[in-house]
Structures are given as structure tokens and as C-alpha cells.
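Worksheet: the structure to be examined is printed underneath.
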Amino acid sequence: MNRSLGVCYYPEHWPEAQWAEDAARMVDHGITRVRIGEFGWSRLEPHPGEMRFEWLDRAMEVLGAAGLGVILGTPTTTPPRWMLDRHPDMLAVDAEGRVRGFGSRRHYCFSHPGYRHEAERITAKLADRYGRHAHLIAWQTDNEYGCHDTVLSYSAAARDGFRRWLADRYGSIEALNAAWGNVFWSMEYQRFDQIDLPNLTVTEPNPAHVMAFRRYSSDMVALFNCAQVKLIRQASDAPILHNYMGRVLEFDHFETGADLDIAAWDSYPIGFLSDRLDAPTEHKARYVRQGDPDFQAFHHDLYRAVGQGRWWVMEQQPGPVNWAPWNPAPLPGMVRLWTWEAFAHGAETVSYFRWRQAPFAQEQMHAGLLRPDSAPAPGLAEAAQVAREVADLPEVPEARAPIALVFDYASAWAWDTQPQGADFTYFDLVFDWYRTARELGLSIDVVNARDGTIGDYSVVLIPGLATLPDALLDALDQFQGTALIGPRSGAKTEEMAIPVPLPPALAGLDVTVSAVESLPPGIKVPLADGGAFHRWLEHLDTSLAPRERTCDGAPACVTHGALSYVAGWPDAAARTRMLRRACETAGVTTQDLPEGLRLREDGRHCFALNYGPEPVTWRGRTLEPAGVTWWDI
Ligand code: GAL
């Protein structure tokens with residue numbers, strides 16, 4: 001498959017007379033794909049059962065005739081208002097027990113059987129009508145599962161579904177009581193129908209109860225998606241994708257993604273920097289018009305794993321967004337840089353959101369490739385430039401990266417459920433290690449913790465993995481490279497209890513975590529070789545001579561053979577040293593990149609991207625801010 005550019009288009013927002021000209025302009029600018037339909041339900045079915053496909057037929061025809069391949073979205077993220085008359089209890093309920101109302105989007109509870117049925121009904125109708133359409137190239141299910149905090153719902157439908165799910169998982173109420181430790185505080189149940197959702201308790205609910213609800217809620221997303229996928233496959237051979245969002249961890253994307261052909265995600269670098277990243281003010285100021293230099297790359301690598309190699313950017317920020325606390329414009333060149341970065345990480349398609357800025361409703365302040373008056377916005381020329389450049393660069397198969405980062409959604413839920421320190425956040429811990437690897441010039445693969453596929457990697461990072469799955473333990477037993485494990489890896493059972501023998505319980509490494517502490521902001525435990533632990537500190541029992549110690553002489557990092565255990569949350573200096581040493585041991589070359597410069601290798605090229613606001617020189621080439629270059633390796 002060739003690299004291609006796409007755009008998100010809403011024919012229902014514009015007069016029909018404008019469609020052909022829009023389509024022709026897209027093609028003129030090198031865009032070959034267009035996504036439509038994902039919010040169109042109220043126009044497809046204005047009244048229950050009254051289908052109006054004709055406008056979509058004509059839109060598909062006009063777009064396709066211009067040479068565009070169409071990605072058709074199922075509109076289930078925006079059920080029309082009449083749906084609530086049919087299913088008044090289909091809305092999600094927040095943790096405080098408030099119903100989340102109509103008037104925006106994603107207003108449904110994944111557990112509601114009536115709404116699930118409606119979502120299947122509209123999906124089947126679309127699949128039947130367009131499944132073999134000449135211009136259809138892919139399907140998108142729904143839109144951004146989990147966005148706007150929509151995975152966890154405390155509705156009656158969720159409660160009923162959860163009870164059934166529990167009965168299925170545990171078999172007997174005695175087994176559930178034992179697994180959760182319900183003897184504590186006399187929380188034992190006699191029947192599954194006594195179990196409520198873990199909200200509105202007097203003090204914190206049992207973490208095992210919370211984790212079970214998190215697993216259930218994640219399963220509901222996968223089921224909702226899978227139902228659509230099955231119906232589409234009956235009527236269509238086109239690949240099916242979903243557009244995931246940045247830093248949404250409330251459902252297991254690997255599970256949902258297992259039913260799909262492609263993983264796509266929606267990349268809004270400047271919005272994310274302002275809205276979704278825990279970073280110092282100076283960092284946010286430095287990258288205010290570029291986005292964080294690692295946030296997009298991390299998600300590219302994560303979604304490459306979720307898509308088992310096949311992934312797209314379904315929505316690429318083209319200019320200022322509307323939804324972050326502040327919404328600056330990208331530095332000239334950044335739209336091009338973001339697009340090239342995605343291709344460097346193996347994206348098949350990068351599609352901009354959206355074609356024309358809408359002058360009405362919630363996103364009227366969100367840029368498009370065109371202004372509301374149809375004049376070009378700054379992103380358009382950059383997209384067109386990439387289209388020309390892409391045509392000249394041969395595509396090569398992805399190469400395996402030398403280093404792997406093991407990722408696990410359930411660990412994010414575990415440390416959310418029981419952080420023990422207010423800033424112990426799985427994403428931040430993982431992302432810290434990812435950033436350090438990038439600063440050392442490395443290309444990284446993310447791997448699913450449940451697969452245990454670490455065999456051929458030279459270096460493997462396993463921070464904060466709450467439960468070490470059997471497949472991964474087996475893989476670690478055979479592992480020939482260098483694995484950096486911890487902190488908190490293997491610290492919980494699947495049922496959110498402390499395992500005995502105590503963690504990490506690795507066959508090849510005589511280390512026991514005997515005690516743990518969380519450290520408030522500003523408190524550091526300095527390490528003898530430089531840098532410090534912050535946020536989290538573990539005390540280790542070991543017969544091995546530590547590879548690193550704290551300044552007090554306690555073990556900070558213990559190594560034996562392929563395995564190293566890290567007894568805390570290292571700051572940047574400590575992480576850099578530990579990772580550089582792991583790479584040296586494993587024969588992986590690291591580099592010290594100038595600030596803001598990032599590298600990424602595919603099977604044949606090395607791409608260099610300058611996120612920094614000043615020019616950098618690297619290997620005799622000078623890159624201006626937002627500069628991108630590549631060479632053969
Ligand atoms: C995405 C969403 C789009 C649009 C966009 C604005 O999260 O999928 O429909 O709302 O954000 O940035």
C-alpha cells in the first residue's frame with residue numbers, strides 16, 4: 001500500500017452544489033481519500049425507520065468520480081434526538097450519578113442493550129447499501145471510543161450487565177468474595193444481584209471491585225465494536241478501522257483492535273500539549289506551536305502495535321483546534337512535519353481534520369484546510385507539499401526497532417485505582433521511558449504485554465506493569481537481550497491483591513520488593529551515580545551486588561543476566577544513564593541528539609525532525625524549526 005493523504009469531509013454541512021468543486025480541489029492538492037458519514041445519523045434517518053440514503057449515494061458518487069477513495073463511518077457516536085424517546089435510559093451516567101445529556105455527542109452507554117441493537121440496525125443498513133460500493137475503500141466504526149470520558153458509565157444498564165459479567169467470570173458468589181477479599185469490612189455478598197457499581201460508596205470501594213468494573217467496561221467497548229464489525233463483514237470486504245484518540249486508556253485497545261484490520265488515531269499535537277500532557281511550564285512554552293516532540297510518536301508506535309502493523313492517522317490537526325484551554329497556531333511547517341513523522345513511523349494514510357472550517361456549532365473555531373469562506377488556510381499548502389514529496393520517496397517495509405516498550409491498559413487501570421501516591425500515573429511513567437529512548441536517538445516498538453513477544457529485541461522496557469502475564473514471564477525466562485523491569489512491575493495479581501511470594505518474583509533474578517514508598521512533589525532520593533528517584537521508591541531484598549545504589553547505599557538497580565530491576569521512578573538523568581547502559585550491554589548504538597531533534601528509522605531511511613523552535617545541525621545538515629529531512633541508511 002502506498003502512503004496517501006486523506007481528509008475528513010461532511011457533505012451534510014455544505015450545499016450539494018459545492019461538493020464537486022470541493023472534491024476536485026482535494027484531488028488537485030494531492031488528497032486521494034476522504035472520510036465521511038460518522039456524524040450523519042440525523043440526516044440518514046430523520047425519523048425512526050425513515051431512511052434517507054439518497055444524499056449519501058450522491059455524495060459517494062461525486063467524491064468517487066473525482067478520484068477519491070471513500071472511508072465510510074458508522075454514525076453510532078451521534079444517535080439522533082428521537083433515539084432518546086425510544087430509549088430514555090440509554091444515556092451514560094457519571095460517577096456522581098448524574099445523567100449525561102443530549103446536545104453534543106457520544107451520549108450513549110455501551111451497556112444499554114436497546115441502543116446496542118439500534119447501533120447494529122443502522123450499521124447493517126449501511127453495510128448492505130455500501131458494502132460493495134465501487135468507491136468505498138474502508139469502514140470506520142463509530143468515532144473515538146472513550147473520548148469525552150465515555151467508557152465508564154454508572155447506569156442501571158451497566159449495573160445489570162456488570163452483575164451478569166461477574167456471575168460469568170466468577171461462577172459462584174463464594175469465589176467472588178474470596179477473590180476480592182470481601183471478608184474485609186464485612187463486604188461479603190450472598191448473591192450477584194446485591195452487587196452495585198463501585199461509585200457513591202462512603203469511602204473508597206474495594207480496589208478489586210473497581211478493577212472488575214474497569215475490565216467489564218473495557219469488554220463492553222470491544223463487544224460494541226465487534227457487533228458492528230461482524231455485520232460489516234457479512235456485506236463487505238473492505239478493511240475496517242476505528243479512529244482511537246490520544247491518551248485514552250479506559251479500554252483495552254489491543255482487545256478492541258483484534259477485531260479490526262487497521263488501527264487509526266486522531267493526532268492533535270498542540271491540543272494534546274496543552275490539554276493532556278503533564279510537563280513543566282517551560283516545556284509547554286518551548287513547544288507551544290509544535291506539540292510535544294514525543295507524544296505523537298508514542299501514539300504512532302502504540303497504534304502500530306494495536307493495528308498489528310497496519311495503522312493510519314485518521315484525523316491530523318491542520319491549524320488551531322478549539323477544545324484545548326489555549327489554541328495557538330502551528331509553526332509554519334509543522335503540518336508537514338507531523339505528516340512526515342507519521343509516515344516515518346509506518347502510517348499508510350494521514351488524513352486531515354477537516355476540509356473546511358465550519359462557521360456554525362461547537363467547532364466553529366477549529367481550523368480546516370480551508371477557511372469558512374473556502375479560501376485556503378495555511379495547512380492546505382503544507383498538505384499539498386507532502387503529497388508532492390511522498391510521490392518521490394519509495395515506500396519500504398517497516399523494520400523491527402532495536403528496543404521494545406511493553407504496554408498494558410490494565411496497568412493504567414490498576415494504578416488509577418490504587419496510585420498510592422497522587423502522581424503515580426502509568427502513562428507518565430511509560431512515557432518518561434519512551435521519551436528517554438527517543439532522546440537517545442532510538443526507534444521503538446510498543447508491544448502488547450499480554451502477547452509476551454519480546455524474543456528478538458535487544459532491549460526491553462517494562463515499567464509499572466501491574467501484573468506480569470505468564471506469556472511475558474516465559475519470554476523473560478528465555479530472553480537474551482537486556483530487560484529493564486520496574487518499578488511496581490508484577491506488584492498486583494489480576495484480582496488487585498499483593499502477590500505472595502512478593503514481587504517481582506522473577507525466576508532469573510533474586511530480588512524481592514520488601515517495602516514501597518510514594519514521594520511527594522519536590523522530594524528526591526539521590527542516586528550514587530547521579531540523578532534521583534522521585535515519586536516512587538522501593539526497598540529491595542537481594543543477595544546480588546546492586547548495579548546502582550542510592551546515596552544512602554540502598555539497592556537502586558539490580559542486574560543478573562538479562563534482567564535488571566529498577567527500584568523507583570528515575571528522573572531524566574537516571575533514566576538516561578540506565579537506558580544507555582542497557583543499550584551498551586545489548587550492543588545497541590545510542591546518540592546524544594540536540595534538544596528538540598528526533599530520529600526515526602524505517603527499513604531503509606532515517607528521518608530527522610526538528611520540533612525545537614531554533615535551527616539544529618545534525619550530521620552536517622541544518623534543520624530549521626519544523627524542518628524534516630531523511631537519508632538512506
Ligand atoms: C476529534 C473528533 C473530531 C473533531 C476533532 C476536533 O476528537 O474525532 O470529530 O471533534 O476532534 O479536534
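Both ligands and their constituent atoms are indexed starting at 1 by order of listing.
- The distance from the CD atom of Q296 to the CD atom of Q317 is 8.5 Å, given to the nearest 0.5 Å.
- Using the six-membered ring where Trp is involved, H299 and F272 have ring planes that are parallel, under 30° apart on the 30 and 60° scheme.
- Under 4.0 Å from any atom of ligand 1, one finds heavy atoms of residues F39, R105, N143, E144, M245, D266, Y268, E315, W323, F353, E363, H366.
- Going from atom OG1 of T76 over to atom OH of Y145 covers 5.5 Å, rounded to the nearest 0.5 Å.
- Distance check, rounded to the nearest 0.5 Å: CH2 of W139 to OG of S236 gives 6.0 Å.
- Using a cutoff of 4.0 Å between basic side-chain nitrogens and carboxylate oxygens, R354 and E38 are not scored as salt-bridged.
- Contacts of Y154 classified as ring pair (Phe, Tyr, Trp, His ring centres under 6.0 Å), with partners at least two apart in sequence or in another chain: F213.
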